[in-house]
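Accompanying notes for the structure given below.
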Amino acid sequence: MLLRPCSIALATLFLVASVARPVHAAPPSDDAFATASAATPEFSAGRLSDHIKYLASDELEGRFPGLIGERLTLAYLQAQYEALGLEPGGRNGSWLQPVDLVRFTPERPPTAGWTGADGVRHDLVSGEDVTLRAGAADPAVKLEGLPIVFAGYGVVAPERGWDDYGAADLSGKVVVILRGQPESMGADPNFYGSTEHKMQEALKRGAAGVLTLQLEEGRWRRAVGGAARGQMTVKGASDARFTGSINMATGTTLGGIALAHAVERAKTAGLGGPVDLEARLDVDIVETTEVIHSNNLLARIPGTTRPDEYVIYSAHWDHIGKARQPDAEGDDIYNGAWDNASGTAGLIEMARAFKAGPPPERTVVFLHVTAEEQGLLGSEAYAAEPIYPLARTAADINIDMLPFTPATRDVAVFGVGKSELEDILGRFAAAQGRTVTGDGYPREGFYYRSDHFNFAAGGVPALMPWSGRDFVEGGMEAGTPSYEAAMGRDYHKLSDEWRADYDFTAALQNLDLLYRLGLTVADSETWPAWKPTAEFNAIRDATAAERR
């Protein structure tokens, strides 16, 4: 992972949603639930362990995109799906969806300066006053005299009465925005505070550059630390010509009282339009680039009655490769057993369960994405050019890091309260004596940090389960320290290796639930909806006609 109880009858929830959204015609039929309830998927701890053992072996060198680990991983996945009798899920009978990645590395420190209304130019020092990175389109960016405007948080959320842009045209301008989201939208991160939303809104209006105003010293130092490192993006990704950050001292110098007042106003209400800072920016950025050819892999089971409607199970196959220096024991491979050989194994076994069970009415796709660890890039590439239209994708169910714990009373999901998928899950969880809950760390914003997010940002209801902490034996008092110790010990550590003593109890429980969830959605004529408070409703509603 890149680093987030249902007691009401489900039919009632879907009926309420259908009143508010006529496109959601009918609740899932009792027959659909009966089919999923009567199914007997057989998930095997032994098979999961065997998959993880190979995928996390030293032979694969940490599964970094474009290297030997990718070739071996994809060959293994294809062989597994061929043995199961699944069809290739890519275009023109291919198992693969090519994803070209570009790694950008600064060739030299960028230079920049600003000129005020008085015509006097002021140099900006990289790493002290400003950070700058080239966008995906061109590693060399030299622009002069760009007008600078401030647009609050850069948020447009009509259903919340918030608009920082109004009818503004930002063509050829640099927009300065605050990081995060307004306090009125809650302390926990949401879509409106994400880079994805802010970039979308700036690009819609033609912005040439986007600079984040960092109000906190710690955040500024973090931006400085990241600015000199290599970064990866999808080739041809929609992005500003350049991005970066400035600290408040720089903002105060170039924006003066106008910026200070605008910042305070922006914290309580949408600005309604950018504030002209009466300054112009020059930038000169040069980075070197390397193209890395990578791939997503897809397998599918065609739907029997609605093959042009889709349920997608996703998991990222990649990890972070090799360390620059070995540890004291000579280990230099980030094997990524938990993250995410476990989810990759779970997807293979989910396909096995579907192949052995009743044929789904909608097409079920098993999508293994690349470069999650580099910024959710494989799923970003898929969402930008989907093989199966997002408008006709009923759900994405993402598996990133299966729980290696004993039985739990809770079924933790990221971003609890987002979609009706949770309500379906909750019905089946109740049969296990379990309850759907949040992940327990909402301020981490985990919902926006794994591959399901790119589906959600495209409007597709998306769900990702996580490790529960309410152990049947010992409760939260035992589960919370166990979870936090495992994360501290193994997450993105050289120690994340295959172990013979994994406890797959909760993983097997979760896989059973996710199978029943996916089969229910696949066999339903209804399109699961976002909850009324979810920030993805407008995106989904814009494509409603394609689901009629």
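Small disclaimer: the values here were computed from a predicted structure and weren't measured.
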Closer than 3.5 angstrom, by distance alone: can the side chain of [X] be matched with the main-chain N or O of [Y] as a donor-acceptor pair?
{"X": "R63", "Y": "L55", "answer": "yes"}
{"X": "W114", "Y": "T253", "answer": "no"}
{"X": "K198", "Y": "Y153", "answer": "yes"}
{"X": "K322", "Y": "F64", "answer": "no"}
{"X": "N335", "Y": "G321", "answer": "no"}
{"X": "D490", "Y": "H492", "answer": "no"}
{"X": "S495", "Y": "R489", "answer": "yes"}
{"X": "D339", "Y": "D400", "answer": "no"}
{"X": "D163", "Y": "G272", "answer": "no"}
{"X": "Q181", "Y": "N190", "answer": "yes"}

What I'd like to find out is whether the side chain of [X] reaches to under 4.5 Å of the side chain of [Y], using heavy atoms alone.
{"X": "E422", "Y": "L463", "value": "yes"}
{"X": "R103", "Y": "T289", "value": "no"}
{"X": "E59", "Y": "L72", "value": "yes"}
{"X": "F536", "Y": "P461", "value": "no"}
{"X": "W317", "Y": "T370", "value": "yes"}
{"X": "R108", "Y": "D284", "value": "yes"}
{"X": "L178", "Y": "F150", "value": "yes"}
{"X": "D100", "Y": "I292", "value": "no"}

Might you work through the side-chain contact (heavy atoms from CB on, under 4.5 Å) test for M464 and H452, ending with a clear yes or no?
-> CA-CA 7 Å; M464 179 170 151; H452 60 282; 3.5 Å; yes

Please assess L298 against F366 for the test side-chain contact (heavy atoms from CB on, under 4.5 Å), listing each intermediate value before the final yes or no.
-> CA-CA 6 Å; L298 304 93; F366 304 92; over 6 Å; no

Any chance the side chains of [X] and [Y] put a donor and an acceptor closer than 3.5 Å?
{"X": "D169", "Y": "S171", "value": "yes"}
{"X": "E372", "Y": "H319", "value": "no"}
{"X": "Y441", "Y": "E484", "value": "yes"}
{"X": "Q214", "Y": "S245", "value": "yes"}
{"X": "S294", "Y": "E70", "value": "yes"}
{"X": "S314", "Y": "D396", "value": "yes"}
{"X": "N398", "Y": "S450", "value": "yes"}
{"X": "T243", "Y": "R133", "value": "no"}
{"X": "W466", "Y": "Y447", "value": "no"}
{"X": "N295", "Y": "H368", "value": "no"}
{"X": "W338", "Y": "N340", "value": "no"}

Nearest-0.5 Å distance that lies between atom [atom1] in [X] and atom [atom2] in [Y]:
{"X": "L281", "Y": "F242", "atom1": "CG", "atom2": "CZ", "answer": "5.0 Å"}
{"X": "R179", "Y": "S194", "atom1": "CZ", "atom2": "OG", "answer": "11.5 Å"}
{"X": "L213", "Y": "M248", "atom1": "CG", "atom2": "CE", "answer": "5.5 Å"}
{"X": "K418", "Y": "F191", "atom1": "NZ", "atom2": "CZ", "answer": "10.0 Å"}
{"X": "L96", "Y": "R91", "atom1": "CG", "atom2": "CZ", "answer": "12.5 Å"}
{"X": "K493", "Y": "D327", "atom1": "NZ", "atom2": "CG", "answer": "13.0 Å"}

Throw together a table of side-chain donor-acceptor distances under 3.5 angstrom for residues 259-270, partners on residues two or more places apart or in other chains.
unit_1: E264; atom_1: OE2; unit_2: K267; atom_2: NZ; d: 3.4
unit_1: T268; atom_1: OG1; unit_2: R265; atom_2: O; d: 3.2

Would you tabulate the side-chain donor-acceptor contacts of residues 215-226 under 3.5 Å, counting partners in other chains and residues two or more places apart, or write 'none'?
none

E61 meets the salt bridge (Lys or Arg N to Asp or Glu O under 4.0 Å) criterion, sequence neighbours left out, with none

How far apart are the C-alpha atoms of E290 and F104, what are their side-chain angles, what is the distance that settles it, and do they pass the side-chain contact (heavy atoms from CB on, under 4.5 Å) test?
-> CA-CA 7 Å; E290 174 191 4; F104 284 68; over 6 Å; no

Non-hydrogen atoms of T105 and G230 that approach each other most closely | OG1-CA, 4.0 Å

What side-chain donor-acceptor pairs closer than 3.5 Å can you find for residues 375-386, not counting sequence neighbours?
unit_1: S379; atom_1: OG; unit_2: L376; atom_2: O; d: 3.1
unit_1: S379; atom_1: OG; unit_2: D451; atom_2: OD1; d: 2.6
unit_1: S379; atom_1: OG; unit_2: N454; atom_2: ND2; d: 2.8
unit_1: Y382; atom_1: OH; unit_2: Y388; atom_2: N; d: 3.2

Go through the structure and list residues passing side-chain contact (heavy atoms from CB on, under 4.5 Å) with T250, not counting sequence neighbours.
-> L124, D129, I246, N247, L254

Take D123 and R121 through the salt bridge (charged side-chain N to carboxylate O under 4.0 Å, His left out) test and state the conclusion after the steps.
-> CA-CA 7 Å; D123 289 336; R121 189 180 189 280; 2.3 Å; yes

For Y192, check ring pair (Phe, Tyr, Trp, His ring centres under 6.0 Å) against everything at least two apart and list the hits.
-> H197

Exceeds 12 heavy-atom contacts within 6.0 angstrom, atom CG of D118 = yes

